[in-house]
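Read the structure below first, then the notes.
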Amino acid sequence: MIRKLTMIQAITEAMDQKLAEDSRVMLLGEDVGVNGGVFRATEDLIHKYGANRVVDTPLSEAGIIGAAIGMAMNGLIPIVEIQFLAFIYPGFEQIVSHAARMRYRTRGQYHVPMVIRTPYGAGIRGPELHSESVETFFAHVPGLKVVAPSTPYDAKGLLIAAIEDPDPVIFLEPTKLYRAFKEEVPEEMYRVPIGKAKVVREGTDISIFAWGAMLRVAEEAAKQLEREQGASCEVVDLRTIYPLDRDAIVASLKKTGRAVVVHEAHKTAGMGAEIISIINDEALIYLKAPVKRITGFDVPVPQFSIEDDYLPTPARVKSGIVETLTF
Amino acid sequence: MIRKLTMIQAITEAMDQKLAEDSRVMLLGEDVGVNGGVFRATEDLIHKYGANRVVDTPLSEAGIIGAAIGMAMNGLIPIVEIQFLAFIYPGFEQIVSHAARMRYRTRGQYHVPMVIRTPYGAGIRGPELHSESVETFFAHVPGLKVVAPSTPYDAKGLLIAAIEDPDPVIFLEPTKLYRAFKEEVPEEMYRVPIGKAKVVREGTDISIFAWGAMLRVAEEAAKQLEREQGASCEVVDLRTIYPLDRDAIVASLKKTGRAVVVHEAHKTAGMGAEIISIINDEALIYLKAPVKRITGFDVPVPQFSIEDDYLPTPARVKSGIVETLTF
Amino acid sequence: MTSLYQVLAPTGELTQDIEGRLDESVMIKMYENMVLVRLFDRKSINLQRQGRMGTYAPFEGQEASQVGSALALTPGDWLFPTYRDHAAAIVHGQSMARVFLYWMGHMEGSISPQGLNVMPPCVPIATQMIHAVGTAWASKLQNEQHVSLAYFGDGATSEGDFHEALNFAGVFKTPTIFFCQNNGYAISVPFSQQSASKTIAQRAAAYDIPGVRIDGNDVFAVWLTMKEAMERALNGEGPTLIEAITYRYGAHTTADDPKKYRDQEKLAEEWRTERDPIQRLRTFLVQRGLWSDAQEAQLVARANEQIDAALVEAESYPKSRPEDMFKHVYAEPTWMAEEQEGELVKPAKKEDIPA
Amino acid sequence: MTSLYQVLAPTGELTQDIEGRLDESVMIKMYENMVLVRLFDRKSINLQRQGRMGTYAPFEGQEASQVGSALALTPGDWLFPTYRDHAAAIVHGQSMARVFLYWMGHMEGSISPQGLNVMPPCVPIATQMIHAVGTAWASKLQNEQHVSLAYFGDGATSEGDFHEALNFAGVFKTPTIFFCQNNGYAISVPFSQQSASKTIAQRAAAYDIPGVRIDGNDVFAVWLTMKEAMERALNGEGPTLIEAITYRYGAHTTADDPKKYRDQEKLAEEWRTERDPIQRLRTFLVQRGLWSDAQEAQLVARANEQIDAALVEAESYPKSRPEDMFKHVYAEPTWMAEEQEGELVKPAKKEDIPA
Ligand SMILES: Cc1ncc(C[n+]2csc(CCOP(=O)(O)OP(=O)(O)O)c2C)c(N)n1
Ligand SMILES: Cc1ncc(C[n+]2csc(CCOP(=O)(O)OP(=O)(O)O)c2C)c(N)n1
Ligand SMILES: [Mg+2]
Ligand SMILES: [Mg+2]
């Protein structure tokens, strides 16, 4: 029988299996215990693994992340849940100045095998600061890895890979996709490698690079364009934001000669700029048109009544693609 | 008589004159009062303006920046000094989630006319975390402006403009240049407009975009290359990192058809990527070669005995230029 | 352990003499406001259920804390509410329509009424406490006789910002009042797991500022404590930390299920029946002959009318337009904003957005 | 105000009976270590002046606090020093050569000796306090009988991380010892301006953990207090906050000029002549017949030899190579690192870098 899970179920299962398998693995966060997490990602895990391994912490992100760093240095593998990406800022110093640097400073003697999971992105009618997509902040910090799955299957495999990764991983979960759809997810443990993109739709006219919730927007635009105008769009799910899969980006671009990047984050200094730069570095001569960025705007994420207008939509992606195709 | 000042003197003078002129202006920070600041930028100002306007605060960056936000909302114009850029992180949430958003959230009713000054960059044999160049973190936050002067003249004019700006400005002072050289600085107040780059050396073969301490590295490379190989390099001092002066970037690129960007920040998601993207957006067809980024590497800024190897040097810039010219 | 300051017992009896310290007209105002905001709160939950509002954070049970404290303020005072303190905001002059707009995700939901300083609801926990130090400090430096009042919860006391704010206020003796509504929970986490410390008020000792622990369901105690704190603040004696013991009867937000972490039947009902802030004031007023059933009926009718009117106002308020997001990012728009606004040509169509 | 715990008065007399609690051999170790690290500290300042080392943070005056506390530890304990706590690091087993390397800007200056847990000096103020909660918590969960000791200064107590660390440790009863060297200043800012609170120890009340205020120049008081805190920690009774009152005689760092903010002649000299930690222990030991001039001469000679040897070791240690910066960023290098290492072909030449 085919077993289908939502992304949140897949995430829970990954943690559950790692908790079962490896006694060093722990969960820490606000409301992750008795309450099972504000999105229920850790539902019931406290009952299975006890309050010593699934810990309801005080409301204190620097405390949670800082303590997890210490735990990770001393033999444990903490998985931290931050309730929403914007609430990671109180712990930003701990991430940037410590988690990312401990291995470096001690020349490999100590390292920080930690995962920080957090929902990110807009589209759920959340209040202020519940919809941020600031992956750039972490991609600019050598020593961190940054991951963002777009499907239940990848979420499970990437999370297991992240937990097993000896370095700190920022694991960004697109809130909008938590329960958006189900797909087949193997019951056994498996890994999706960090740093590897995936071509989710083959095409020849243009490459669309996206991740997280924007992947589906990209796919929708690709489908519509194919149907409406016969354009053949290749859609590449980057899956890992740092380190980017340069080879996949370049290979797709060389094939199509045109590209758009779709992301929710603000345009300026968003990861779209880095992707354009990789193309500039490696494949400029293949480019038949400027790479178009279809992104969140350079404004704070607005209140939710107009958040859909802040986000890239299939319509905006399509018009960006058409612009690129007709350049 | 020509009066020459170092950059730090020019900065002090800008604050002094604004304190004298406008009773709403205040200074806040660790050791800015009696001690005159760890780099002596606020030397003697407490004696001139009193401890109510030049305030030695507790060691608490969230406190300083958060209190300054409140002050700014209630009629004052605080200038905050953070001792080194990496020590801004405890106040990161206050900057990102509040300073940058107050005008937006209140639809212009309240705003935060505040300047956060901080030394940044490597090359002074500083201990760990005294050499960061993470301007990307701020350039990715709509609602902030980000400025980085490269000369005493610009430092004074830009700082006065920043203090007078009705929005929060992150004012990055290249530590290495504080006392590196003197230049003529007018005694009277003047403004250097935020958002405007400056062509500091005209050329026709290639454009070099830089700011802060890297400007001089760029100029040095340009000079050497002209002498050694007759290459004509245009050097553009961006001066403002957000909003970038797109017109100046595009104009120079259109003229030369080739470009390098030089910055100290890590390469990935550094502002070089944004500059490449602007060129991609506006002037791709003028490009004769990929834009080369000569930047700090994707590693934590190393301990100071090898920091010079982390930083772009004239030699590295030259080899990047040659690579671009011979593409 | 700091003792609990209480004036009006749950039975509606005074536990101490407050003659001359609290006018009857104020008592009636307190009552009227508490009833109004409770009805507002219930209405809001309904609106959320009907899909006419987004996630909402209810405050039922905490009315005495919010109404009593905000009523003590004078118009120029600065009020820093969290996402749960709309009762306080409304009492300090915010319009109910505006509060509805906020929870409807409108861009104009957190504008302060002209001449008043009702700050936008603060979402990142504890961060607003420091702003209230800054505004109060500025008031003091500019010789304005105004206090700044920051609300926060028990959970907020674990954040570093709590500590930095209290420390700053202590050093600079800013006229700030730190008002903690200890409703026992930070979402699901009870205060006993939030800290080893038994009380929040005792933390004031760490900053050598006064700390008071009060019955937060006793609106008289709240108001009297506030008045004292304000007096000290305006005398240049600096900040006060107030811990008001209270309880939210309902969920943390409409997205929360309190049954996951506590015995709602028992605990919430116990508070509701035995320590309700409105009930006890009503008993008191009735006993004093200050309140009647007829007045009650009138009040409820009037309140419902006001709420309905506010809702009509909010729902007929011009919707936020996509272009609004480009406004007020800076005093002068940047070229990015101008250019990007152009990309809005095709406004988002719900149909074609993948679910 | 919490009273000051003192055992060994500045005169060298015991103020209370400590029979059986402190071996004479430990006393001598204390003395030897304090003399050694003071000589080390002075040497370091000289090296900085000669340009053989970068900016350096001296600790002279604080030897009793650092030596007494670190000597109390057992080898598996975790030590979290700041940039000023090399004395503690050395006592806990860090080599002096390594400390020199750190201040020489070498990439390998903060490697812990094998089998010991001497953490890299922490630069961002107060951030290490939370790590010491985490390591201690992990020790406890893994049933290891080890404490984690975090050093920090008086200024650090204003940071939010101080608060969050103490609160966490209180909630989870982690075997963490928070050791504050209150040397009176955070760079130029005296503690009286750092907080309205008179003491740091009194802040323990905010977390319901024990707080002790001790004479930080009294190495016996430091050691005995540590032993008690360790016992409590290992008994599962949780953390302790220790405030050790001390003074740095010199500058904040070699880049600082203390004359800008205090009367060095008067204040620093007063501490040096009247309350010096080494002087008082020497008086005590000599009075007890445990120490002689001959031993002193030997000790100084041996210490100088060790320091010189460490310096030779550090200066002849292979220099950091540019490639080193690409190592240990991740367990496995990324393609960026591999590619960027290639850009190092032209190593930085001092000549052509603009000043
Ligand atoms: C910095 C930050 N972390 C986490 C959250 C998510 N969050 C929202 S409310 C809340 C609990 C707050 O509890 P408390 O301070 O007691 O206030 P209450 O909700 O009980 O009024 C949490 C964890 C947040 N808004 N900000
Ligand atoms: C987060 C942060 N802010 C500022 C600094 C700069 N700084 C270095 S030491 C210091 C003073 C520290 O004072 P204290 O905690 O008393 O320790 P001491 O230096 O006296 O040992 C400051 C402000 C820093 N290192 N980290
Ligand atoms: Mg609460
Ligand atoms: Mg100190």
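Throughout, a chain's letter reflects where its sequence line sits, starting with A, and its residues are numbered from 1.
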*Could you look at D:Ala331 and say if it's the side chain, the backbone, both or neither that has a heavy atom under 4.5 Å from chain A?*
both

*A:Tyr49 and its side-chain hydrogen bond (donor to acceptor under 3.5 Å, both in side chains) partner, picked from A:Asp16, A:Thr42, A:Asp44*: A:Asp16

*Under 4.5 Å, counting heavy-atom pairs only, tell me which of A:Glu61, A:Lys145, A:His111 racks up the most with chain D.*
A:Lys145

*Geometric class of the D:Phe59/D:His86 ring pair [parallel <30°, tilted 30-60°, perpendicular >60°]*: perpendicular

*Could you list which of residues 62-82 of chain A have a heavy atom closer than 4.5 Å to any heavy atom of chain D, in residue-number order?*
A:Ala62, A:Gly63, A:Ile64, A:Gly66, A:Ala67, A:Ile69, A:Gly70, A:Met71, A:Met73, A:Asn74, A:Gly75, A:Leu76

*asked:* For D:Met129, which atoms come within 4.5 Å of any heavy atom of chain A: side chain, backbone, both, or neither?
replied: neither

*asked:* Under 4.5 Å from any heavy atom of chain A, what part of D:Ser139 do you find: side chain, backbone, both or neither?
replied: both

*Is A:Lys18 salt-bridged to A:Glu164, going by a charged N under 4.0 Å from an acidic O?*
yes

_Salt bridge present between A:Asp22 and A:Arg24 (N-O < 4.0 angstrom)_ = yes

_Region of D:Leu141 in contact with chain A, defined by heavy-atom distances below 4.5 Å_ = side chain

*Members of residues 83-102 of chain A whose heavy atoms come closer than 4.5 Å to chain D*: A:Glu93, A:Gln94, A:Ser97, A:His98, A:Met102

_Interchain contact, D:Thr127 with chain A, by part (heavy-atom threshold 4.5 Å)_ = both

*Would you mind checking which part of D:Glu339 comes under 4.5 Å of any heavy atom in chain A, side chain (CB onward), backbone (N, CA, C, O), both or neither?*
side chain

_Contact class of D:Gln142 relative to chain A, heavy atoms under 4.5 angstrom_ = side chain

*Between D:Asp161, D:Val133, D:Asn167, D:Val123, which has the largest tally of heavy atom pairs under 4.5 Å with chain A?*
D:Asp161

